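Counting starts at 1 for both ligands and their atoms, in listed order. Computed from a prediction, not measured in an experiment: that's the story for all the values here.
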Amino acid sequence: MVGRDLTDALTSRDETVVALKHSDLDITDARCVNECVAEHRPSIIVNCAAYTAVDQAEAEEAAANAINGSSVELLALAANEVDALLVQISTDFVFDGAKREPYDVTDATAPLSAYGRSKLLGEVAAQHAARSLILRTSWLFGVHGNNFVEAMRRQIGKGTNPLRVVDDQRGRPTYTPHLANAIIRLAIQDARGIVHYADEEECTWFDFTRAIVEETKAEVTVKPIATADYPRAATVPAYSVLSTERYERITGVHPESWREGLREYLSVRA
Ligand SMILES: NC(=O)c1ccc[n+]([C@@H]2O[C@H](COP(=O)([O-])OP(=O)(O)OC[C@H]3O[C@@H](n4cnc5c(N)ncnc54)[C@H](OP(=O)(O)O)[C@@H]3O)[C@@H](O)[C@H]2O)c1
């Protein structure tokens, strides 16, 4: 999702982009990573590749760690060879969700899941780059991939009524073109260290679903349920609202609105 939208955003700004699919470059392959970086000599490497199957990672932690952790060190070392900035995308799932106010970039991490632990390894690995930016984001949806909006639309399409959705997890949905804009703004400012970007406002999955139903004018009822009523393999944070204060300070702009992103998404994705 992010890779495609970032490529589009950069291309529309006439930036030179080398966009690589998994089949073009396996980031776990050190030789290929080094050759690729030596060939293209990028000034910025944005790592949009990841193992993103959160529940599956519980049974495949080694695979998640290899892609989300060790590979990032390969990218960091390759970035150093050409003095590139490494932008590593990370997640709200590095937090345990015990707080009840937005997570700041300086808050302690304590992932609850294998996926979260693998992404935290990636954050540590990214810091092997002399110039690195770790950009944590949350609850992504974009037209080039599977996501929560599509899952809800599929349920609506199948005639599921009511939709039962978790109402005791809070976060910030983020439209991937908005994240792409944020990455570009931060790169322009040569931002370093850890930054959070997520769209406004915070909500629960139940609230988000109600917005999807309203925007699609679907004739379904949405019923709130508790996390305990929706068992899944991975434990996810009950509260993972990211504070975007540092992002706003660096770029001078407020985060965009997921509701507007949702409208655009629905107009673009058939
Ligand atoms: N989705 C979310 O809600 C969310 C929330 C917070 C943070 N993030 C982070 O945001 C970033 C982008 O996520 P996304 O949702 O855009 O992910 P995505 O749509 O699942 O895309 C991940 C991409 O990585 C590729 N990939 C997997 N293993 C690879 C490897 N070894 N070498 C090269 N490419 C590989 C995948 O290719 P194949 O499919 O062909 O394997 C896929 O194209 C990730 O770092 C993710 O952890 C996501």
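Inclusion of Ile27 in the set of residues having an N or O under 3.5 Å from an N or O of ligand 1 is warranted. Residue Gly3 has no N or O atom closer than 3.5 Å to an N or O atom of ligand 1. Taking distance alone, with nitrogen or oxygen atoms compared against 3.5 Å, Tyr51 stays at or beyond that limit from ligand 1. Residue Tyr115 places at least one N or O, backbone or side chain, under 3.5 Å from an N or O of ligand 1. Looking at Ser138 next to ligand 1, no N or O pair under 3.5 Å apart turns up. Polar contact check, Ser90 against ligand 1: no nitrogen or oxygen pair lies under 3.5 Å apart. At least one N or O atom of Ala50, backbone or side chain, sits closer than 3.5 Å to an N or O atom of ligand 1.
Taking 4.0 Å as the cut-off between side-chain N and carboxylate O, Arg31 and Glu35 count as a salt-bridged pair.
The contact set between ligand 1 and Asp26, taken as ligand atoms under 4.0 Å from a residue heavy atom, comprises 30 (C), 31 (N), 32 (N). Listed by number with element, the atoms of ligand 1 under 4.0 Å from a non-hydrogen atom of Thr137 are 6 (C), 7 (C). Using a 4.0 Å cut-off to heavy atoms of Lys119, the atoms of ligand 1 that qualify are 44 (C), 45 (O), 46 (C), 47 (O). For ligand 1 and Leu25, the ligand atoms under 4.0 Å from any heavy atom of the residue are 32 (N), 33 (C). Interface of Ala49 with ligand 1, defined as ligand atoms under 4.0 Å from a residue heavy atom, comprises 24 (O), 33 (C), 34 (N), 35 (C).
Gln127 and Ser132 share no side-chain donor-acceptor pair at under 3.5 Å. Inspection of the Ser138 and Asp92 side chains reveals no N or O donor paired with an N or O acceptor under 3.5 Å. Inspection of the Glu61 and Ser118 side chains reveals no N or O donor paired with an N or O acceptor under 3.5 Å. Neither side chain, Asp8 nor Thr11, offers a donor N or O lying under 3.5 Å from an acceptor on the other. Side chains of Tyr175 and Glu256: no donor on one and acceptor on the other come within 3.5 Å. Using modelled atom types and a 3.5 Å distance limit, the side chains of Arg153 and Asn147 yield no donor-acceptor pair. Remark: the Glu215 side chain and the Tyr265 side chain contain no N/O donor-acceptor pair separated by less than 3.5 Å. Residues Arg185 and Tyr247 have side chains that bring a donor and an acceptor to within less than 3.5 angstrom of each other.
Of the protein's heavy atoms, at least one falls inside 4.0 Å of atom 20 (O) of ligand 1. For atom 39 (O) of ligand 1, the nearest protein heavy atom lies 4.0 Å away or farther. Within a 4.0 Å radius of atom 42 (C) of ligand 1, the protein has no heavy atom.
For the pair Tyr230 and Val166, the minimum side-chain heavy-atom distance is below 4.5 Å.
Using a 4.0 Å cut-off between heavy atoms, Cys48 contacts ligand 1 through its backbone alone, with no side-chain atom that close. Counting heavy atoms closer than 4.0 Å to ligand 1, residue Ile67 contributes side-chain atoms (C-beta onward) but none from N, CA, C or O. Heavy atoms of His144 found under 4.0 angstrom from ligand 1: none, in either backbone or side chain. Here Asn146 has no heavy atoms under 4.0 Å from ligand 1, in either its backbone or its side chain. Contacts between Thr52 and ligand 1, counted as non-hydrogen atom pairs separated by less than 4.0 Å, involve the side chain only. Of the heavy atoms in Ser71, none comes closer than 4.0 Å to ligand 1.
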Practice problem: Show the numbers, then the answer: is there a salt bridge (charged side-chain N to carboxylate O under 4.0 Å, His left out) between Arg164 and Asp229? | Solution: CA-CA 10 Å; Arg164 296 178 197 279; Asp229 298 327; over 6 Å; no
Self-check item: Working for side-chain hydrogen bond (donor to acceptor under 3.5 Å, both in side chains), residues Glu81 and Asn34
Solution: CA-CA 9 Å; Glu81 290 299 311; Asn34 289 334; over 6 Å; no
Exercise. List the steps and the verdict of side-chain hydrogen bond (donor to acceptor under 3.5 Å, both in side chains) for Tyr103 and Arg136.
Key: CA-CA 11 Å; Tyr103 277 97; Arg136 295 191 188 124; over 6 Å; no
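Nearest protein heavy-atom neighbour of atom 16 (O) of ligand 1: Val2 N, 2.9 Å. Of all protein heavy atoms, the one lying nearest to atom 9 (C) of ligand 1 is Ile89 CG2, 3.8 Å.
Trp258 pairs by the side chain to side chain donor-acceptor pair (under 3.5 Å) definition with nothing, not counting sequence neighbours.
Across Asn147, Leu140, Leu6, Asp24, heavy-atom proximity to atom 48 (C) of ligand 1 is greatest for Leu140. One option in Met1, Lys21, His22 has a heavy atom closer to atom 18 (P) of ligand 1 than any other, and that option is Met1.
For residues 191-203, the pairs satisfying salt bridge (Lys or Arg N to Asp or Glu O under 4.0 Å) are Arg170-Glu202, Asp190-Arg192, with sequence neighbours left out.
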